[in-house]
**Student:** 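Here it is, the structure in full.
Index from 1, following the sequence.
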Amino acid sequence: MTFQLIAERLGQEEFLARLLHRDYRYVPGAVTVPGALVSFDTLNDLIATHRLEAPRLRLSAGGEMLPQHRYAVPVTTRRHTIWQRTHPAELHQRLAEGASLVIDAIDEFHEPVADLAQHLESWLRTHVQVNAYASWSAREGFGTHWDDHDVIVVQVEGSKRWRLYGPTRIAPMHRDTAQPDPPPEQPVADLVLEPGDVLYLPRGWWHTVAADQGVRSLHLTCGLTPHTGADLIGWLSEMLRPTEQVRADLPLHAGPHAQAAYVESLREHLIAALEEPGLLERFAASRDAEDLGRLRPALPHLDGVPADPEVRVRLTTGRARLTSAAEGEGVVVVRFTAAGREVDFDPAVEPLLRRLLGGGWVSLADLAAAAELTVADAAAVAGALVDAQAATVRGGLW
């Protein structure tokens, strides 16, 4: 599929080892059919059929978010609730004046973009939120700024100029102790992204973006949730709650020697935990297991998945994991972990699960064939995943 080229063109394992979090990468023509992801018709449909209020839908100009009353009007429903309805004429006027249009988390509304996000999540093992940005003029919507997360940009239509200035503070955070110094006057790269081009930019890199090529522009920005040392320490504190040293009351009213002894005991306990082999892998596995993905109900199938070969199944998260686990009397099972749940299966089901891990919709017929099972058996596996909120289904006749 279109989006599956992104990891390949960015460099797969070489990118992860050498560039991720370190340096930018620009890949012209990485996506062959960018219009398959999103289009201006998509934006029109979303605005027309959803109640998109700020900050889900917003306009920005000169680094400032425009107040809603400049492009929307309040509407009172018969149930006496009030929502802001986008006014097309005012919206067009603000955009013609130089504002940029943003739709946050478009991956939650539009399945091709959800597929893109889920593919990146499977590769990068982190949550991905995709925003859509549209501009019609050379006026900068956000000024020269930096983001507190890495981004992968996909230019979809038109062109956009990106001036990159590099970081002035390594790995700045949303909740930080200091702000980065101002950027240098001259950029380290001056790029014009055309349809299909992809740009990766680490967090903290100053950049300026403008549609100054005389054509309208539409692009997607995939924001990668960072995992920092602060996250590891927070997770570790939760993992250590079963231990007496962490559960104990702090000796705030004890003498200096007792306090020092407690701190030393806690220090030794923390060091032992940090020195445990495979700590970061356990952290990553825990974060993957907790990711809820893009949950989607499986209506109308309330009482299980019907054994219909045409029913299609897909996972709701790109971060599911398969491991082997031992049960009683040495019996080995395949453990599927996702969406905060664990489900154990017979090893014979593993090819079916791996087919689902490949992403996208898969028919029960194909899943059954992958594991040499009956369609009824494949439906039972799908039903267990749906019950665990890790998968959803589409279609089928009762």
**Student:** Which atom pair, heavy atoms only, marks the closest approach of Asp107 to Val128?
**Tutor:** OD2-O, 4.0 Å
**Student:** I'd like to know if the side chain of Thr392 reaches the main chain of Pro297, judged simply by a donor and an acceptor atom lying under 3.5 Å from each other, with no hydrogens or angles considered.
**Tutor:**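 Checking the backbone N and O of Pro297 against the side chain of Thr392, a donor-acceptor pair under 3.5 Å is found.
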**Student:** Quick one: pull up CE in Met65 and CZ in Arg58 and give me the separation to the nearest 0.5 Å.
**Tutor:**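 It comes to 7.0 Å.
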**Student:** Going by the angle between their ring planes, with limits at 30° and 60°, are Phe283 and Trp235 parallel, tilted or perpendicular?
**Tutor:** perpendicular
**Student:** Heavy atoms only: give me the nearest Arg139-Gly62 pair and the separation to one decimal.
**Tutor:** NE-N, 4.1 Å
**Student:** Between Arg294 and Thr316, is there a side-chain heavy-atom distance shorter than 4.5 Å?
**Tutor:** no
**Student:** Looking just at side-chain N and O atoms, do Gln118 and Ser122 make a donor-acceptor pair shorter than 3.5 Å?
**Tutor:** no
**Student:** Just so I know, are the side chains of Val381 and Leu353 near enough to count as touching, which here means a heavy-atom distance under 4.5 Å?
**Tutor:** yes
**Student:** How many angstroms lie between CZ in Phe345 and CG in Leu352, if you round to the nearest 0.5 Å?
**Tutor:**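 The distance works out to 8.5 Å.
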**Student:** Within a radius of less than 6.0 Å around CD of Glu244, do more than 12 heavy atoms belonging to other residues, nucleotides or ligands occur?
**Tutor:**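 Counting neighbours around CD of Glu244, 12 or fewer heavy atoms of other residues, nucleotides or ligands fall under 6.0 Å, so no.
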**Student:** Is there a chain of hydrophobic side chains (I, L, V, M, F, W, Y, each step under 4.5 Å between heavy atoms) that links Trp146 to Val102?
**Tutor:**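 Per the 4.5 Å side-chain linkage, Trp146 and Val102 are not co-clustered.
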**Student:** Regarding Glu281 and Arg125, does a basic nitrogen lie under 4.0 Å from an acidic carboxylate oxygen?
**Tutor:**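 No, no charged N to carboxylate O under 4.0 Å.
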**Student:** Using a 3.5 Å distance criterion without hydrogens, assess whether the side chain of Asp150 forms a donor-acceptor pair with backbone atoms of Leu201.
**Tutor:**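 Not a single qualifying donor-acceptor pair exists.
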**Student:** Any chance you could measure Leu266, atom CG, to Thr243, atom OG1, to the nearest 0.5 Å?
**Tutor:**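 These two atoms lie 8.0 Å from each other.
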**Student:** Would you say that Val198 contacts Leu5 through its side chain, given a criterion of any heavy-atom pair below 4.5 Å between the two side chains?
**Tutor:** no
**Student:** Keeping the roles fixed (side chain from Arg22, backbone from Ala17), state whether a donor-acceptor pair exists under 3.5 Å.
**Tutor:**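 Yes, because the side chain of Arg22 sits within donor-acceptor range (under 3.5 Å) of the backbone of Ala17.
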**Student:** Is the side chain of Asn131 donor-acceptor paired with the backbone N or O of Ala105 at a distance under 3.5 Å, no angle test?
**Tutor:** yes
**Student:** Using a 3.5 Å distance criterion without hydrogens, assess whether the side chain of Arg94 forms a donor-acceptor pair with backbone atoms of Arg70.
**Tutor:**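 Checked: pair present.
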**Student:** Taking only Lys NZ, Arg NE, NH1 and NH2, and the carboxylate oxygens of Asp or Glu, determine whether Asp231 and Arg287 approach each other closer than 4.0 Å.
**Tutor:** no
**Student:** If I compare all heavy atoms of Arg203 with all of Pro226, which pair ends up nearest, and what's the gap?
**Tutor:**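 That would be NE-CB, 4.1 Å.
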**Student:** Tell me, please, whether Phe109 has Arg56 positioned over its six-membered ring: NZ or CZ under 6.0 Å from the ring centre and within 45 degrees of its axis?
**Tutor:** no
**Student:** Show the nearest heavy-atom pair for residues Val332 and Ser324, with the distance to one decimal.
**Tutor:** CG1-CB, 4.3 Å
**Student:** Please check if atom CZ in Arg85 has more than 12 non-hydrogen atoms from other residues, nucleotides or ligands closer than 6.0 Å.
**Tutor:** no
**Student:** Would you check if Ile152 and Leu10 make a side-chain contact, meaning some heavy-atom pair closer than 4.5 Å?
**Tutor:** yes
**Student:** Taking the side chain as everything from C-beta on, heavy atoms only, tell me whether Phe336 gets closer than 4.5 Å to Leu315.
**Tutor:**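 Yes; the side chains approach each other to less than 4.5 Å.
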**Student:** Please determine whether residues Ile271 and Leu240 belong to a single hydrophobic cluster, defined as Ile, Leu, Val, Met, Phe, Trp and Tyr linked transitively by side-chain heavy-atom distances below 4.5 Å.
**Tutor:** no
**Student:** Counting only N and O atoms by type, is there a donor-acceptor contact under 3.5 Å from the side chain of Asp197 to the main-chain atoms of Gln155?
**Tutor:** no
**Student:** Is the backbone of Gly234 close enough, under 3.5 Å, to the side chain of Ser237 for a donor and an acceptor to pair up by distance?
**Tutor:** yes
**Student:** Taking the inter-plane angle between the rings of His219 and Tyr133 on a 0 to 90° scale, is it parallel (under 30°), tilted (30 to 60°) or perpendicular (over 60°)?
**Tutor:** parallel
**Student:** Given the rule in the side-chain contact (heavy atoms from CB on, under 4.5 Å) test, do Leu218 and Val38 qualify, once you have shown the distances and angles that lead to the verdict?
**Tutor:** CA-CA 9 Å; Leu218 174 61; Val38 70; 4.2 Å; yes
**Student:** Is the closest side-chain heavy-atom distance between Ile106 and Leu43 below 4.5 Å?
**Tutor:** yes
**Student:** Between His110 (side chain only) and Leu37 (backbone N and O only), is there a donor and an acceptor less than 3.5 Å apart?
**Tutor:** yes
**Student:** Tell me, yes or no, whether the heavy-atom count around Glu14 atom CD, taken from other residues, nucleotides or ligands under 6.0 Å, exceeds 12.
**Tutor:**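 More than 12 within 6.0 Å, yes.
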**Student:** Please round to the nearest 0.5 Å and tell me the distance separating atom CZ of Arg216 and atom OG of Ser135.
**Tutor:** 12.5 Å
**Student:** Could you give me the CA-CA distance, side-chain angles and deciding distance for Arg341 and Asp387, then say whether salt bridge (charged side-chain N to carboxylate O under 4.0 Å, His left out) is met?
**Tutor:** CA-CA 10 Å; Arg341 308 285 185 89; Asp387 289 342; over 6 Å; no
**Student:** How long is the straight-line distance from CD of Glu140 back to CZ of Arg161, given to the nearest 0.5 Å?
**Tutor:**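 Answer rounded to 0.5 Å: 10.0 Å.
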**Student:** For the side chain of His87 and the backbone of His92, is there at least one donor-acceptor N/O pair under 3.5 Å apart?
**Tutor:** no
**Student:** Side-chain contact test, heavy atoms from C-beta onward, threshold under 4.5 Å: evaluate it for His149 versus His174 and give yes or no.
**Tutor:** no
**Student:** Check the hydrophobic clustering (I, L, V, M, F, W, Y; side-chain heavy atoms under 4.5 Å; chains of links allowed) and say if Leu20 and Leu164 are grouped together.
**Tutor:**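 They do not share one cluster, since no chain of ILVMFWY contacts under 4.5 Å joins Leu20 to Leu164.
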**Student:** Under a 4.5 Å cut-off applied to non-hydrogen side-chain atoms, are Trp205 and Val151 in contact?
**Tutor:**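 Side-chain contact under 4.5 Å: no.
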**Student:** Would you sort out whether Glu342 and Thr337 count as a side-chain contact (heavy atoms from CB on, under 4.5 Å), showing the intermediate values?
**Tutor:** CA-CA 5 Å; Glu342 290 183 346; Thr337 308; 3.8 Å; yes
**Student:** What distance separates Thr317 OG1 from Leu295 CG, expressed to the nearest 0.5 Å?
**Tutor:** 9.0 Å
**Student:** With clusters defined by side-chain heavy atoms of hydrophobic residues (ILVMFWY) lying less than 4.5 Å apart, directly or transitively, does Leu357 cluster with Val386?
**Tutor:**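 Yes; Leu357 is reachable from Val386 via cluster members.
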**Student:** To check you understand the geometry: which heavy-atom pair defines the closest contact between Leu367 and Arg355, and what is its length?
**Tutor:** CD2-CG, 3.8 Å
**Student:** May I have the step-by-step check of side chain to side chain donor-acceptor pair (under 3.5 Å) for Trp206 and Thr168, ending in yes or no?
**Tutor:** CA-CA 8 Å; Trp206 291 94; Thr168 56; 2.9 Å; yes
**Student:** If you apply the rule salt bridge (charged side-chain N to carboxylate O under 4.0 Å, His left out), what do you find for Asp115 with Arg314, and how did you get there?
**Tutor:** CA-CA 11 Å; Asp115 288 339; Arg314 70 170 299 158; 2.7 Å; yes
**Student:** Are the ring centres of Phe15 and Trp123 closer than 6.0 Å?
**Tutor:** yes
**Student:** Mind running side-chain contact (heavy atoms from CB on, under 4.5 Å) on Thr126 and Leu120 for me, showing each step along the way?
**Tutor:** CA-CA 8 Å; Thr126 191; Leu120 292 176; over 6 Å; no
**Student:** Going by distance alone, is a donor N or O of one side chain under 3.5 Å from an acceptor N or O of the other, for Glu97 and Gln93?
**Tutor:**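 The answer is yes; a qualifying pair exists.
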**Student:** Would you find a donor on one side and an acceptor on the other, under 3.5 Å apart, between the side chain of Gln129 and the backbone of Gly223?
**Tutor:**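 Side chain of Gln129 to backbone of Gly223, a donor-acceptor pair under 3.5 Å: no, none is there.
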**Student:** For the residue pair Pro34 and Gly196, what are the closest heavy atoms and their distance?
**Tutor:** CG-N, 3.6 Å
**Student:** Are any of the side-chain nitrogens in Asp190 or Arg163 under 4.0 Å away from the carboxylate oxygens of its partner?
**Tutor:** yes
**Student:** Do Thr208 and Thr144 get their side chains close enough for a donor-acceptor pair, meaning under 3.5 Å?
**Tutor:**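 Yes, a side-chain donor-acceptor pair sits under 3.5 Å.
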**Student:** By the definition side chain to side chain contact (heavy atoms under 4.5 Å, CB included), identify the one residue from Leu356, Val305, Val313 that meets it with Leu385.
**Tutor:** Leu356
**Student:** Should we count CZ of Arg169 as having more than 12 external heavy atoms under 6.0 Å?
**Tutor:**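 Yes.
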**Student:** Could you see if Ile47 belongs to whatever hydrophobic cluster contains Val130? Use Ile, Leu, Val, Met, Phe, Trp, Tyr and a side-chain cutoff under 4.5 Å.
**Tutor:**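 Same cluster: Ile47 reaches Val130 through Ile, Leu, Val, Met, Phe, Trp or Tyr contacts under 4.5 Å.
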